[in-house]
Amino acid sequence: MATDTLKSTTGASGASAVRRLLLDNGALTALIALVIAMSALSGDFLTTDNLLNIGVQAAVTAILAFGVTFVIVSAGIDLSVGSVAALSATVLAWMATSQGVPVWIAVILAVATGIACGLVNGVLISYGKLPPFIATLAMLSVGRGLSLVISQGSPIAFPESVSHLGDTLGGWLPVPVLVMVVMGLITALILGRTYIGRSMYAIGGNEEAARLSGLRVKKQKLAIYALSGLFAAAAGIVLASRLSSAQPQAAQGYELDAIAAVVIGGASLAGGTGKASGTLIGALILAVLRNGLNLLSVSAFWQQVVIGVVIALAVLLDTLRRKVGATPVAAGAGAPGGRGKQAATYIIAAVVAAAVVGAMSFLHNGSSSSATKKVGLSLSTLNNPFFVQIKSGAQQEAKKLGVDLTVTDAQNDASQQANQLQNFTSSGLGSIIVNPVDSDAAGPAVRSANKAGIPVVGVDRGVNKADTAALVASDNIAGGKLGAKAMAEKLGGKGKIVILQGLAGTSASRERGAGFAEGLKAYPGIEVVARQPADFDRTKGLDVMTNLLQAHPDIQGVFAENDEMALGAVKALGSKAGTSVSVIGFDGEPDGLKAVKDGTMYASVAQQPKELGRIAVENALNAAEGKTVEKTVMVPVKVVTKENVAGFGG
C-alpha cells in the first residue's frame with residue numbers, strides 16, 4: 001500500500017512538474033510568452049536598438065519598484081515614490097543651477113531629500129499610527145507640491161555632468177540600464193543577505209509575531225521607508241537625466257506602475273513574499289507591453305486596458321499559486337539547492353529566449369525595411385479636443401496621401417513621450433511628427449532620431465536642442481498678445497481680471513501666459529487679481545473659477561489658456577458669463593466656438609488644429625522622400641468673436 005502510494009505520488013509529481021514550474025515562475029513565463037507574441041506580431045520588435053529601448057524604458061519603473069519591493073514585502077504600501085522622484089530631481093537641478101551649489105553636493109542633497117521623505121513616511125506610519133496608504137498619499141501631494149514650488153512650475157535644466165546618466169557607454173549600452181542592474185543587485189543583497197532584509201519578511205509575514213520575537217518593528221519600518229525614498233531619489237535622477245531637465249510634473253502615476261511591477265513579479269500585497277528578480281521581470285513585462293503595443297499601433301486608451309488586465313491576471317495567478325501550494329517567492333527561503341534550481345530556471349529561460357530571437361529574426365528577415373510612407377505621430381495628450389482635432393486632420397491627410405500613420409498619446413508625460421519617440425526610431429519609420437509635452441524634454445529622443453537619419457517634424461510646439469526638418473505651428477506668444485489686446489478692448493482698457501493657467505511646466509502654458517502678460521503691459525488699467533492653474537481641464541476650470549469668485553466677486557474678465565478651462569469658467573460664472581464678465585479662451589475648439597457664437601464666451605484665440613495636423617503630415621512625407629520643406633510653417637492665429645465666428649472654418 002505504501003509502495004503503491006509512493007509510486008503514485010512519484011508519477012503525479014512527474015506529471016505536474018511543468019505546471020509547478022510555470023506557477024513558481026509565473027512572471028518569467030509571462031515575459032517569455034510576451035516576447036514570443038510581440039516577436040511574431042512585429043518584425044521591428046527583435047532589433048538590438050528596440051531591445052535596448054525596452055531596457056531603458058523599464059529602468060525608472062524598475063528602480064522605483066525595487067524600493068517599493070521593500071515596503072510591500074513588509075506588508076506596507078508607498079504611493080509617494082513618483083512625487084519623491086520628481087522632488088529629488090528638482091532639488092538637484094535647482095541647487096546646481098539657481099543656487100550655484102557644486103554638483104556632487106547637489107546630488108547628495110537630492111538623495112537626502114528622498115531619504116527624508118521616506119523617513120517622514122516611516123514616522124507617520126510607525127509612531128503616528130497612520131495607515132501606510134494615508135501617510136504615503138499625503139506625501140504624494142506634499143512632494144509634488146514642493147516640486148512645483150521650487151521650480152515655479154517650469155522645468156529646470158539638468159547639470160551636464162549628471163545628464164550623462166541618460167547617455168550610453170561605448171555608443172550603444174544605455175547607462176540607465178546599468179543603473180537598473182546595479183540597484184537590482186543591491187535590492188537582492190539587502191533582501192537575501194542582511195538583517196534588515198530578513199526583518200522585512202518577518203514583519204510582512206506576521207508583524208505581531210515579529211515584535212514578540214524581539215524585532216524592533218517601528219525602527220525597522222523607518223529603515224524600510226527610508227530605503228524606498230532612497231530608491232525613488234535614484235529613479236528621479238535617472239529620469240531627469242534622460243530628459244535633460246527636472247520636470248516638476250514628472251513621474252506622475254509611476255507609483256502605480258512600480259506597485260504593479262512588484263505584484264506582477266510575484267510579491268503579495270499581504271506581505272511576506274517578494275524578490276528583486278521578480279520585480280525586475282515585472283517591470284520588463286510592463287515595458288515590453290507598452291513597447292510592443294506602440295509598435296503594433298494599438299491605441300493608447302486600449303494600452304491602459306491591456307495593462308490593467310495584466311495586473312489583474314497577475315494577482316489571480318498569485319492566488320492560484322497559493323491555492324495549489326506553489327513555492328512562495330521569498331528571498332532566501334526554500335529547501336537547500338533552491339538557489340541552484342532558480343539559477344537553472346533562468347538559464348533555461350535565457351536559452352528559450354535566445355531560440356525565439358533567432359527564429360523570429362529569421363521569420364521577419366527583411367520585414368523591417370521601412371517605407372517612406374510610414375509616419376509616427378506622438379501627441380502630448382488626447383485628453384483635449386484641440387489635440388484630438390490635430391489627430392483628425394493628420395489622419396485625414398494620411399489617408400489621402402496613402403501614408404501609414406501611427407498615433408500615440410503621451411498623456412502629458414514627457415518621459416512616456418520620450419519612450420514613444422524611441423520606439424518610433426527603432427521601428428525605422430520614414431519620418432516622425434512630435435507635439436512635445438515639453439520642448440526641452442523632447443530634445444534627447446529627437447536627437448536619437450536625428451542620428452538614425454529619420455526626419456522629425458514638430459507640430460504646435462518646437463523641440464529645443466535638436467534638429468527638426470520643419471515646425472508647423474501657431475505662435476502661442478503672439479496668440480497670448482492677441483488675447484490681451486482683445487480683453488483690454490472689450491473692457492475699455494480698465495478692469496479686474498483673473499487668469500486660468502494650463503498644466504504647470506508645459507511650454508504651451510508658459511508661452512501663452514508670457515504672451516498675455518507682455519500684451520497687458522500696454523494697458524496699465526487692467527489689473528490681474530489672481531492667477532491659478534487649472535491644468536487645461538474643464539472640470540478643474542470650473543472648480544478653480546468657483547473658488548476665485550469667492551475672493552474676487554467683482555472681476556470683469558477671465559483669460560484662460562485654453563478653451564476647456566474657459567468653458568469651465570463659463571459654467572462657474574453662470575449668468576455673469578457674457579454679460580458682466582468677459583471670458584476669453586484659446587485654441588478655437590468646437591465647443592469653445594459654439595460658446596462664442598452663443599455669447600457666453602467673448603472670444604477664443606483660435607488656432608486651426610486640423611490644419612496643423614494636415615500640414616504636419618504633408619511635410620513629414622516630403623521630408624521622408626528627401627524633398628525640400630520650409631523650416632517653419634506658421635498657421636495663422638486669429639481672435640474669433642461673435643461677429644466673425646460664422647466665417648471661421650477651424
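Remember, it's a predicted structure, so these values are computed and weren't measured experimentally. The residues of the chain are indexed from 1 along the displayed sequence.
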Interatomic spacing from OG in Ser439 to CZ in Arg461 - rounded to 0.5 Å: 7.5 Å
My understanding is that only residues two or more places apart in sequence, or in another chain, count here; which of them pass salt bridge (charged side-chain N to carboxylate O under 4.0 Å, His left out) with Glu564? Arg538
Exercise: identify the closest heavy-atom pair between Ala466 and Gly443: CB-O, 3.8 Å
Residues two or more places apart in sequence or in another chain: which of them pass salt bridge (charged side-chain N to carboxylate O under 4.0 Å, His left out) with Asp535? Lys540
Taken in chain and number order and not counting sequence neighbours, the residues that satisfy side-chain hydrogen bond (donor to acceptor under 3.5 Å, both in side chains) with Arg242 are Asn419, Gln422
Got Lys373 and Asp404 here, is their nearest side-chain heavy-atom distance under 4.5 Å? no
Can you tell me which residue among Thr381, Asp460, Leu379 is in a side chain to side chain contact (heavy atoms under 4.5 Å, CB included) with Phe386? Asp460
Less than 4.5 Å apart, any side-chain heavy atom of Gln252 and any of Arg144? yes
Which residues pass the side-chain hydrogen bond (donor to acceptor under 3.5 Å, both in side chains) test with Thr408, not counting sequence neighbours? Gln420
Close side-chain approach of Cys117 and Leu87, heavy atoms under 4.5 Å: yes
Check for a donor-acceptor pair, side chain of Ser392 on one end and backbone N or O of Val388 on the other, with a separation under 3.5 Å. no
Side chain of Asn562, backbone of Met565: donor and acceptor closer than 3.5 Å? yes
For a 4.5 angstrom cut-off between non-hydrogen side-chain atoms, does Leu51 reach Ile54? yes
State whether the number of non-hydrogen atoms from other residues, nucleotides or ligands found under 6.0 Å of Asn383 atom CG is greater than 12. no
Between atom CE of Met139 and atom CG of Leu79, what is the distance when rounded to the nearest 0.5 Å? 12.0 Å
Do the side chain of Ser268 and the main chain of Ala270 share a donor and acceptor less than 3.5 angstrom apart? yes
Let's go through Glu589 and Asn384 carefully: what are the C-alpha distance in whole Å and the side-chain angles of both, what is the deciding distance for side-chain contact (heavy atoms from CB on, under 4.5 Å) to 0.1 Å, and is it a yes or a no? CA-CA 9 Å; Glu589 66 176 56; Asn384 183 308; 4.1 Å; yes
Measure the shortest side-chain to side-chain distance between Pro590 and Gln389 over non-hydrogen atoms and say whether it is less than 4.5 angstrom. yes
Please step through side-chain contact (heavy atoms from CB on, under 4.5 Å) for the pair Thr425 and Ile432, ending with a clear verdict. CA-CA 8 Å; Thr425 300; Ile432 296 172; 3.9 Å; yes
Is a side-chain N or O of Ser431 found less than 3.5 angstrom from the main chain of Ala620, in a donor-acceptor match? yes
Does a side-chain heavy-atom distance below 4.5 Å link Val437 with Asp413? no
Find the distance between CG (Asn121) and OG (Ser80) and round it off to the nearest 0.5 Å. 4.0 Å
Correct closest heavy-atom pair for Val238 and Pro176 would be CG1-CB, 3.9 Å
Can you give the donor-acceptor pairs under 3.5 Å from side chains of residues 283-293 to other protein atoms, not counting sequence neighbours?
unit_1	atom_1	unit_2	atom_2	d
Arg290	NH1	Asp257	OD2	3.1
Arg290	NH2	Asp257	OD1	3.2
Arg290	NH2	Asp257	OD2	3.2
Asn291	OD1	Asn50	ND2	2.9
Asn291	ND2	Asn50	OD1	2.9
Asn291	ND2	Asn423	OD1	2.5

Applying ring pair (Phe, Tyr, Trp, His ring centres under 6.0 Å), which residue pairs with at least one partner in residues 239-260 are found, sequence neighbours left out? none
Heavy-atom nearest pair, Val456 first then Ala449, reads CG2-CB, 3.8 Å
Taking the side chain as everything from C-beta on, heavy atoms only, tell me whether Val459 gets closer than 4.5 Å to Val457. no
Among residues at least two apart in sequence or on other chains, which ones pass salt bridge (charged side-chain N to carboxylate O under 4.0 Å, His left out) with Lys399? none
Distance (rounded to the nearest 0.5 Å) between Ile281 CD1 and Ile32 CD1: 8.5 Å
Per the ring pair (Phe, Tyr, Trp, His ring centres under 6.0 Å) rule, what does the pair list look like for residues 52-74, sequence neighbours excluded? Phe70-Phe231
Under the side-chain hydrogen bond (donor to acceptor under 3.5 Å, both in side chains) test, residues paired with Thr136 that sit two or more places apart: none
Please answer whether the main-chain N or O of Ala86 pairs with a side-chain N or O of Thr90 as donor and acceptor at a distance below 3.5 Å. yes
Non-hydrogen atoms of Ser88 and Gly114 that approach each other most closely: OG-N, 3.6 Å
Using side-chain contact (heavy atoms from CB on, under 4.5 Å), reason through Asp440 and Leu243 one step at a time and then give a plain yes or no. CA-CA 7 Å; Asp440 290 320; Leu243 303 177; over 6 Å; no
How long is the gap from CE on Met183 to CG on Leu178, to the nearest 0.5 Å? 13.0 Å
Taking the side chain as everything from C-beta on, heavy atoms only, tell me whether Met38 gets closer than 4.5 Å to Leu296. yes
Nearest atoms (heavy-atom pairs only) where Ala89 meets Ile237: CB-N, 4.5 Å
Taking the basic N atoms (NZ, or NE/NH1/NH2) and the acidic carboxylate oxygens, is any pair closer than 4.0 Å for Asp587 and Arg512? yes
Residue pairs, two or more places apart or on separate chains, that pass salt bridge (Lys or Arg N to Asp or Glu O under 4.0 Å) and touch residues 76-90: none
Within the 3.5 Å criterion, strictly below it, is a donor on Asn412 or Gln249 matched to an acceptor on the partner's side chain? no
Nearest-0.5 Å distance that lies between atom OG in Ser380 and atom CD in Gln416: 11.5 Å
Over all atoms of both residues, closest heavy-atom pair of Glu561 and Gly502: OE1-N, 2.8 Å
Test log, rule side-chain contact (heavy atoms from CB on, under 4.5 Å), inputs Ile77 and Leu269: CA-CA 8 Å; Ile77 200 76; Leu269 289 173; 4.2 Å; yes
Which residues satisfy the salt bridge (charged side-chain N to carboxylate O under 4.0 Å, His left out) test with Glu397, sequence neighbours excluded? none
Show me the pairs that pass salt bridge (Lys or Arg N to Asp or Glu O under 4.0 Å) and involve residues 276-285, at least two apart or across chains. none
Main-chain N/O of Ala240 paired to Ser244 side chain as donor or acceptor, under 3.5 Å: no
